[in-house]
Amino acid sequence: MAKKIFVKDLSKYIGKEVTLQGWVRNYRKASSKLRFVIFRDGTGELQAVAWKPELGDKNFEKVKALTLESSVIITGIPKKHPNFENQYELQMTGIKIIHISEDYPIGKKEHGVDFLLSNRHLWLRSSKQNALMKIRHTVYFAICEFLNKNGFFRFDSPILTPNACEGTTTLFEVPYFDQGKAYLSQSGQLYLEAGIMSLGRVYDFGPVFRAEKSKTRKHLTEFWMMDAEAAYVEHKENMNIQEKLIRFVIKSVLKHNLTDLQTLERDIEALRKADAVFKIITYKQMIEILQQKGIDIHYGDDMGAPEEEALVEGSDVPIFVEKWPKHIKPFYMKVDPNDPEISLGSDLIAPEGFGEIIGGSQRENDYKILKKRMEEDEIPINDYQWYLDLRRYGSVPHSGFGVGLERLIGWISGVRYIRETIPFPRMLYRIYP
């Protein structure tokens, strides 16, 4: 009986009869006795050769009945592809049809974005979307692997929260029994700060929600975030951990997803060049650099997409922008002891115009300073008394950062629209399917 295998393992079974289970990506007629079936099973694709004299009349008729996305089990003998090095094809010896697909709505012709998003459940089967999901898998587990190896413990923060870490204006509100309002979390950071007092280094990784009424290519209302916090880590070391993490992810994707990157037509050499020492500049230097490039930006302004793209123009590696004016950044960021108007935070801007992929900072660990800052920013003290308590019982210097999974995947894969980097995107005007 032929051994069941995956396409990815085909090269191990040259000359041996095997069975594969999957779907018909495409097919073509070469002659009355010859058909080529492009077969996929999730792990890869191959060309299956249906030659009537070897396959037999009955099986050949089954091949002739195939349609796009029909599900089949095929048996055959793997051989080296006659025209392409390191590729293989299958000389079919048998076929079992599981289901003949109806007229598949996604073909080779151009489809509009709205059509593809409305048919996302089917669009995911395309070769490029398949490649993106595989890269997503690698990036997710590479982040976890790096953190697990560097003393971080998984520490899951709640999705339902009684308040927000940066105000409620961009939060999804939900009723919560007789407790009043609750909100879908936009970050687990504050809860992670409690976790470090027990475990030292912690991270969470899951969906977060932001009700921003934004329609840019970089925004989703539901996305995945990895937040990490570490006790006894200060600003410079915090950036060092972030750099090591991103470079580890790059290496992992280049190791495991080279074929997927090629499918996406990613500039792989640009990705390799990014695996080098990252640049670090101050906010003040960033303003000067952008002004020299003719950008209308002034001290005290935040960066938008055009500024981010201009900043990294010509840089092979991501750039840290550190030491921002404290009024731009959230209340929990520690101020620079050398300048009380500056916060010890940083944003990591990806090259090639992909924008911010990490935000991080040293956190304020002094009770009186943090409380004063919260009062200045009109943060409700009663709602955050538990957070202030962390500064009353064994407070230590600590830092943290958050990685937007979809934005990171977008840069690494070279895909500009992050709606393609998540299986089912949720956007301002889309919640279907």
Side-chain angles (χ1 to χ4, degrees), residues 1-108 119-138 141 255-264 423:
M1 188 175 179
K3 183 179 177 63
K4 289 182 181 179
I5 69 165
F6 295 109
V7 170
K8 67 180 180 67
D9 299 320
L10 203 69
S11 62
K12 301 174 185 176
Y13 296 91
I14 299 299
K16 300 176 182 178
E17 191 172 54
V18 296
T19 294
L20 299 106
Q21 304 166 110
W23 298 266
V24 175
R25 164 82 71 207
N26 208 343
Y27 55 85
R28 64 184 175 91
K29 176 182 177 182
S31 70
S32 61
K33 296 182 179 181
L34 182 62
R35 296 285 193 279
F36 293 102
V37 178
I38 306 304
F39 173 92
R40 65 175 184 85
D41 71 353
T43 72
E45 295 185 4
L46 61 79
Q47 176 175 269
V49 181
W51 174 235
K52 186 175 181 179
E54 291 186 10
L55 193 56
D57 293 348
K58 188 176 180 180
N59 280 329
F60 195 74
E61 287 303 312
K62 291 180 182 179
V63 172
K64 289 168 64 177
L66 294 177
T67 58
L68 293 182
E69 292 303 315
S70 290
S71 50
V72 295
I73 298 175
I74 61 175
T75 301
I77 299 172
K79 297 181 178 180
K80 289 187 176 181
H81 197 290
N83 300 320
F84 301 105
E85 191 175 350
N86 297 323
Q87 290 191 30
Y88 306 90
E89 63 180 20
L90 189 78
Q91 190 70 43
M92 289 176 61
T93 57
I95 179 171
K96 179 182 179 180
I97 295 176
I98 304 302
H99 181 258
I100 292 291
S101 173
E102 298 178 24
D103 290 340
Y104 193 64
I106 300 178
K108 288 185 176 181
N119 287 277
R120 182 63 173 166
H121 53 298
L122 302 178
W123 187 24
L124 284 165
R125 304 182 188 190
S126 73
S127 57
K128 288 191 174 182
Q129 298 305 309
N130 171 281
L132 268 171
M133 293 304 107
K134 289 178 182 174
I135 290 172
R136 182 186 177 95
H137 173 89
T138 298
F141 282 102
K255 178 181 178 180
H256 298 292
N257 299 92
L258 200 55
T259 299
D260 300 311
L261 293 169
Q262 291 167 344
T263 296
L264 294 166

For the side chain of [X] and the backbone of [Y], is there at least one donor-acceptor N/O pair under 3.5 Å apart?
| X | Y | answer |
| --- | --- | --- |
| T67 | I100 | no |
| S70 | L66 | no |
| S101 | L68 | yes |

Less than 4.5 Å apart, side chain to side chain, heavy atoms only: is that true for [X] and [Y]?
| X | Y | value |
| --- | --- | --- |
| F36 | N26 | no |
| K79 | Y88 | no |
| P423 | M133 | yes |
| T75 | I95 | no |
| R125 | N130 | no |
| K52 | D57 | yes |
| I74 | T19 | no |
| I38 | L46 | no |

Kindly determine whether E69 and R40 satisfy side chain to side chain contact (heavy atoms under 4.5 Å, CB included), including the steps that lead there. CA-CA 9 Å; E69 292 303 315; R40 65 175 184 85; 2.5 Å; yes
Start with the C-alpha gap between E45 and Q87, add the side-chain angles, then the distance that decides, and say whether side chain to side chain contact (heavy atoms under 4.5 Å, CB included) holds. CA-CA 10 Å; E45 295 185 4; Q87 290 191 30; over 6 Å; no
Heavy-atom pair with the smallest gap, counting every atom of [X] and [Y]:
| X | Y | value |
| --- | --- | --- |
| T93 | E17 | OG1-OE2, 2.7 Å |
| Y27 | V24 | CD2-CG1, 4.0 Å |
| M92 | A50 | SD-CB, 4.1 Å |

Once side-chain contact (heavy atoms from CB on, under 4.5 Å) is applied, do any residues pair with T43, and if so which ones, sequence neighbours excluded? F6, V7, K8, D41
From R25 atom CZ to Y104 atom OH, the distance as rounded to the nearest 0.5 Å: 8.0 Å
Could you grab the distance from atom OG of S11 to atom CD1 of I5, nearest 0.5 Å is fine? 8.5 Å
Check against salt bridge (Lys or Arg N to Asp or Glu O under 4.0 Å), E61 and K64: CA-CA 5 Å; E61 287 303 312; K64 289 168 64 177; 3.3 Å; yes
